[in-house]
Structures are given as structure tokens and as C-alpha cells.
There are 2 protein chains.
Amino acid sequence: MLTIGKLGNAAGVKVPTIRYYEQIGLLPEPERSAGNQRLYGKSALERLAFIRHSRELGFPLEAIRDLLSLSDRPDQSCAAADIIAKDQLAAVDARIARLTALKAELERMIAQCAQGTIADCRIIKVLGDHSHCSQDHRISEAVE
Amino acid sequence: MLTIGKLGNAAGVKVPTIRYYEQIGLLPEPERSAGNQRLYGKSALERLAFIRHSRELGFPLEAIRDLLSLSDRPDQSCAAADIIAKDQLAAVDARIARLTALKAELERMIAQCAQGTIADCRIIKVLGDHSHCSQDHRISEAVE
DNA sequence: TCTTGAACCTCTATCTACTAGAGACATTAG
DNA sequence: CTAATGTCTCTAGTAGATAGAGGTTCAAGA
Ligand SMILES: [Zn+2]
Ligand SMILES: [Zn+2]
Ligand SMILES: [Zn+2]
Ligand SMILES: [Zn+2]
């Protein structure tokens with residue numbers, strides 16, 4: 001049995017984060033020692049590792065919640081898991097597209113700065129007026 | 001003079017967001033009408049447009065605060081503005097790098113799924129164990 | 001002039017995914 | 001036994017807004 005600190009070390013997750021996951025129902029309430037300290041077994045470690053890795057791949061906690069409940073039903077079709085993963089891929093693609101547009105605009109802005117005074121600075125000018133921009137980085141404001 | 005709704009329309013910013021910017025000191029407190037409603041002039045519109053465009057380019061509000069105070073001192077060197085913009089570009093680059101690694105891993109994962117049961121699903125397997133991954137998407141966890 | 005409806009006011013709470021700290025109890029090493 | 005570390009609960013804070021409650025003000029039509 002692992003204390004919360006050992007579990008955190010083993011899974012690469014900080015202790016307060018583990019308690020947070022328990023609080024929001026992502027991890028089940030574990031056993032307690034005589035002194036009221038949490039004690040975890042192997043399955044908790046696996047579950048936490050699953051959560052951590054999913055977070056590293058950018059899945060939101062709600063998606064992870066769904067993935068976990070899917071993984072508890074091994075006989076079912078994995079179509080639902082597929083959909084979640086594809087949604088995540090689409091979200092990542094959208095972010096990359098947006099960030100790439102931002103990057104181009106930032107580079108253009110920085111390249112045009114002549115290192116003079118604020119009054120002449122292209123960076124300040126461009127920030128004040130989108131018409132100085134070359135691209136439509138305004139699209140898909142929802143994502144970032 | 002513009003009411004808050006007209007200002008929001010003109011700048012493309014929602015009304016509660018304008019009040020929020022005022023609350024955190026990013027916009028100065030405007031005049032009020034006899035009935036206590038906010039009234040804005042041209043300079044407030046310019047300032048708000050600057051904020052909006054900077055947000056669209058991904059600058060955090062604290063950076064925008066600094067940029068605004070720079071733009072109030074037209075005679076100064078723009079070196080500080082340059083640094084802020086370059087920092088932002090570096091942050092965008094880091095995010096793109098991380099997201100690109102995630103994208104590759106997600107695509108690999110999805111491609112390997114044979115559309116069978118959860119028990120055999122590569123998506124679930126990979127999420128449970130990073131050693132199934134081909135890349136080090138773990139690096140630079142701080143950013144996303 | 002009266003009235004309706006939109007726009008405005010303040011204040012509080014909510015969202016994501018945690019992180020930090022206070023003050024108290026438990027455990028372990030020396 | 002004591003000191004250090006670990007753990008407990010609880011609250012509050014982070015970014016950048018958004019949403020709602022409950023109340024006022026404004027502009028236009030009848
Ligand atoms: Zn410049
Ligand atoms: Zn622009
Ligand atoms: Zn599958
Ligand atoms: Zn991995």
C-alpha cells in the first residue's frame with residue numbers, strides 16, 4: 001500500500017493534485033490508515049498514471065473521466081474512445097493553426113521594428129490597429 | 001460620447017469584459033452620466049482596440065498592461081516593447097512545438113486503433129502507458 | 001404623458017486545472 | 001523522546017473572462 005506521497009512520486013503527480021482528483025470524483029476515495037491517512041493500491045496507481053498521461057496529451061479532465069469509465073467496460077466497442085481522441089486531435093489541430101497565424105504576425109511585427117522610439121514603433125502601431133496585419137488571425141477566437 | 005454597449009460594439013469587446021478590464025485597472029474609470037452610466041471618449045476606444053488586438057495576438061493581460069504604459073511614453077525607446085513581443089513569440093513557438101508533438105502522438109494512437117473492443121483498443125492502452133509513445137511529449141509540461 | 005423594453009448598474013458566482021498556505025495531527029529516523 | 005517530514009482539512013488564489021440576480025435608467029412609441 002502506498003501513501004499519497006509515494007503514489008504521487010510513482011505516478012509523477014503532485015500530492016495536492018491527487019487530492020483534487022479525488023475531490024472532483026476522478027479518483028475513488030481510497031482506504032485510510034488508522035491515523036486517517038490515505039492508502040492506495042496498484043489499481044489507483046494505474047488509474048492515476050492513465051490520468052497523468054492523458055493530461056500530458058492535452059485531454060481535458062472531462063474527456064479523461066469519460067475515457068476512464070470506458071476503460072472500466074473492456075467488452076464494449078471502443079468507438080466512443082475513438083471519437084474522444086479524434087476530437088482532441090481536432091482541437092490540437094485548431095490550436096496549431098491559430099498559433100501558426102499568430103507566429104507569422106508576431107514575426108512580421110518584430111521584423112519591422114526599427115529600434116527607435118515608441119512613437120515610431122511598428123509593434124505598438126500594429127497592436128493598435130489590425131488593418132496593419134497581413135493575416136486573419138482573428139478567426140476562431142474561441143480557441144487557444 | 002459612447003455608452004458601454006456602443007463602445008463594446010465599436011471595439012468588438014463584450015460589455016462585461018469592458019467592466020472587467022476597468023476593475024483590474026487596464027481601462028481607466030470613465031466619466032458617468034447623470035444616471036451613473038459609463039461614458040467613453042475616443043481615447044478609451046483606441047485603448048480598448050489596442051487591448052483587443054493584443055489579446056487576439058495572444059499577449060497576456062499583464063504584458064498588455066506594460067505595452068499600454070509604454071505607449072503612453074512616445075519619446076522613450078521601444079526596446080522594452082520589443083522584448084515583450086519577442087517573449088510572446090517565444091511562448092507561441094514553444095506552444096506550437098509542444099502541440100505538434102501531441103498531434104503526432106494522437107495521430108499514431110488513432111491510426112493504430114482497430115475499432116474493436118475496449119480491451120484491445122490501442123488508444124486506451126497508450127493512454128495508460130507512456131512507453132507506448134514514440135516521442136517525448138512529456139518535455140516542457142509547463143506550457144500549453 | 002405613460003409605458004414598455006432594452007440597456008445599464010453592482011455584486012456574486014462559475015469555469016479549468018490546479019497551486020499555495022494555515023494550523024493541526026501522524027509517522028519515522030536517530 | 002524528539003525533531004523532521006509527511007499528511008490532514010479547509011480556504012483562497014491564479015487567468016480571463018462569462019453568467020445571473022435584482023434593481024435603475026434611458027429612448028421610443030401610443
Ligand atoms: Zn519598436
Ligand atoms: Zn491583427
Ligand atoms: Zn480503439
Ligand atoms: Zn506518452
Side-chain angles (χ1 to χ4, degrees), chain A residues 1-27 29-40 44 48 50-68 87-88 91-92 95 98 141-144, chain B residues 1-27 29-40 44 48 50-68 87-88 91 95 98 102 141-144:
Chain A
M1 292 308 243
L2 299 164
T3 62
I4 196 169
K6 311 275 184 193
L7 178 71
N9 265 3
V13 176
K14 286 174 191 153
V15 167
T17 304
I18 297 173
R19 288 196 277 249
Y20 169 72
Y21 287 162
E22 178 185 327
Q23 191 197 315
I24 65 170
L26 209 56
L27 287 175
E29 294 187 15
E31 297 178 50
R32 297 289 181 128
S33 72
N36 198 36
Q37 301 195 345
R38 291 170 179 83
L39 290 178
Y40 297 92
L48 184 56
F50 185 100
I51 296 170
R52 189 204 164 180
H53 196 214
S54 302
R55 285 295 299 132
E56 286 171 345
L57 287 164
F59 287 89
L61 290 181
E62 276 317 296
I64 296 172
R65 194 188 293 275
D66 295 341
L67 287 166
L68 281 167
D87 283 354
Q88 172 62 11
V92 168
R95 286 194 199 180
R98 166 141 165 81
E141 298 161 32
V143 183
E144 192 201 344
Chain B
M1 291 308 240
L2 299 164
T3 62
I4 196 169
K6 310 277 185 194
L7 177 70
N9 265 3
V13 176
K14 286 174 192 152
V15 167
T17 304
I18 298 172
R19 288 195 277 248
Y20 168 72
Y21 288 162
E22 179 185 327
Q23 191 197 315
I24 64 170
L26 208 57
L27 287 175
E29 293 187 16
E31 298 178 51
R32 298 287 182 131
S33 71
N36 197 37
Q37 301 196 346
R38 291 171 178 82
L39 290 179
Y40 297 92
L48 184 55
F50 185 100
I51 296 171
R52 188 205 165 180
H53 196 214
S54 302
R55 285 296 298 133
E56 285 171 345
L57 288 164
F59 287 89
L61 291 181
E62 277 317 297
I64 296 172
R65 196 188 293 275
D66 294 342
L67 287 166
L68 281 167
D87 284 354
Q88 172 62 10
R95 286 194 197 178
R98 166 141 166 82
L102 295 196
E141 298 161 33
V143 183
E144 190 199 346

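Letters go in sequence order (proteins before strands), and every chain restarts at 1.
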Practice task
Just compare D/dG16, D/dC26, C/dA17 and give me whichever is closest to any side-chain atom of A/Y20.
Solution key: C/dA17
Practice task
Would you indicate, yes or no, if D/dC8 has its OP1 or OP2 atom less than 4.0 angstrom from a side-chain nitrogen or oxygen of A/R19?
Solution key: yes
Practice task
Report the distance from atom CG of A/L27 to atom CG of A/L7, rounding to the nearest 0.5 Å.
Solution key: 7.5 Å
Problem - 5′-ward residue of the pair A/I4/B/P60 relative to DNA chain D - result: A/I4
Practice task
Decide yes or no for B/Y40 and B/I18: does some side-chain heavy atom of the first lie under 4.5 Å from some side-chain heavy atom of the second?
Solution key: yes
Practice task
Rounded to the nearest angstrom, tell me the gap between atom CD in B/Q23 and atom P in D/dT18.
Solution key: 14 Å
Handout entry: D/dA17 phosphate, OP1 or OP2, under 4.0 Å from B/K14 side-chain N/O
Key = no
Handout entry: Separation of atom CG in B/L26 from atom C1' in D/dA15, rounded to whole Å
Key = 13 Å
Handout entry: A/E62 CD to C/dT16 P, straight-line distance once rounded to whole Å
Key = 7 Å
Exercise for the section: Consider the side chain of A/R32, meaning its heavy atoms from C-beta on, and name the nucleotide among C/dC9, D/dT7, D/dT9 that approaches it most closely. Expected result: D/dT9
Fill in the blank from the handout: Of A/Y21 and A/N36, the one whose closest nucleotide on DNA chain C sits nearer the 5' end is A/Y21
Exercise for the section: Could you tell me the separation between the CG atom of B/L2 and the P atom of C/dA7, rounded to a whole number of Å? Expected result: 15 Å
Which atom pairs, donor and acceptor, lie under 3.5 Å between side-chain atoms of residues 60-68 of chain B and protein residues at least two apart or in another chain?
from  : atom 1 : to    : atom 2 : distance (Å)
B/E62 : OE1    : B/R65 : NE     : 3.2
B/E62 : OE2    : B/R65 : NE     : 3.1
B/E62 : OE2    : B/R65 : NH2    : 3.3
B/R65 : NH1    : B/I24 : O      : 3.1
B/R65 : NH2    : B/I24 : O      : 3.0

Completion exercise
Closest to the 5' end of DNA chain C, once A/A34 and B/Q37 are matched to their nearest nucleotides, is B/Q37
Practice task
Apply side chain to side chain contact (heavy atoms under 4.5 Å, CB included) to B/R38 and B/R32, showing your working.
Solution key: CA-CA 5 Å; B/R38 291 171 178 82; B/R32 298 287 182 131; 3.4 Å; yes
Handout entry: Rounded distance (Å) that lies between atom P of C/dC18 and atom CG of A/L48
Key = 11 Å
Problem - Rounded interatomic separation in angstrom, taking CG from B/N9 and C1' from C/dC8 - result: 14 Å
Problem - Whole-Å gap separating P (C/dA17) and CG (A/L57) - result: 14 Å
Exercise for the section: Return no unless some side-chain N or O of B/R55 is found under 4.0 Å from OP1 or OP2 of D/dA17. Expected result: yes
Handout entry: Distance test, side-chain N/O of B/T3 to OP1/OP2 of D/dC26, below 4.0 Å
Key = no
Practice task
Would you mind telling me which of C/dC9, C/dA17, D/dG16 lies closest to the side-chain atoms of B/L61?
Solution key: D/dG16
Practice task
Kindly write out the residues that satisfy salt bridge (charged side-chain N to carboxylate O under 4.0 Å, His left out) with B/R19, not counting sequence neighbours, or none if the list is empty.
Solution key: none
Completion exercise
Whole-Å distance, B/R38 CZ to C/dC8 P, equals 10 Å
Exercise for the section: Please determine if a side-chain N or O atom of A/T17 lies less than 4.0 Å away from the OP1 or OP2 oxygen of C/dT19. Expected result: yes
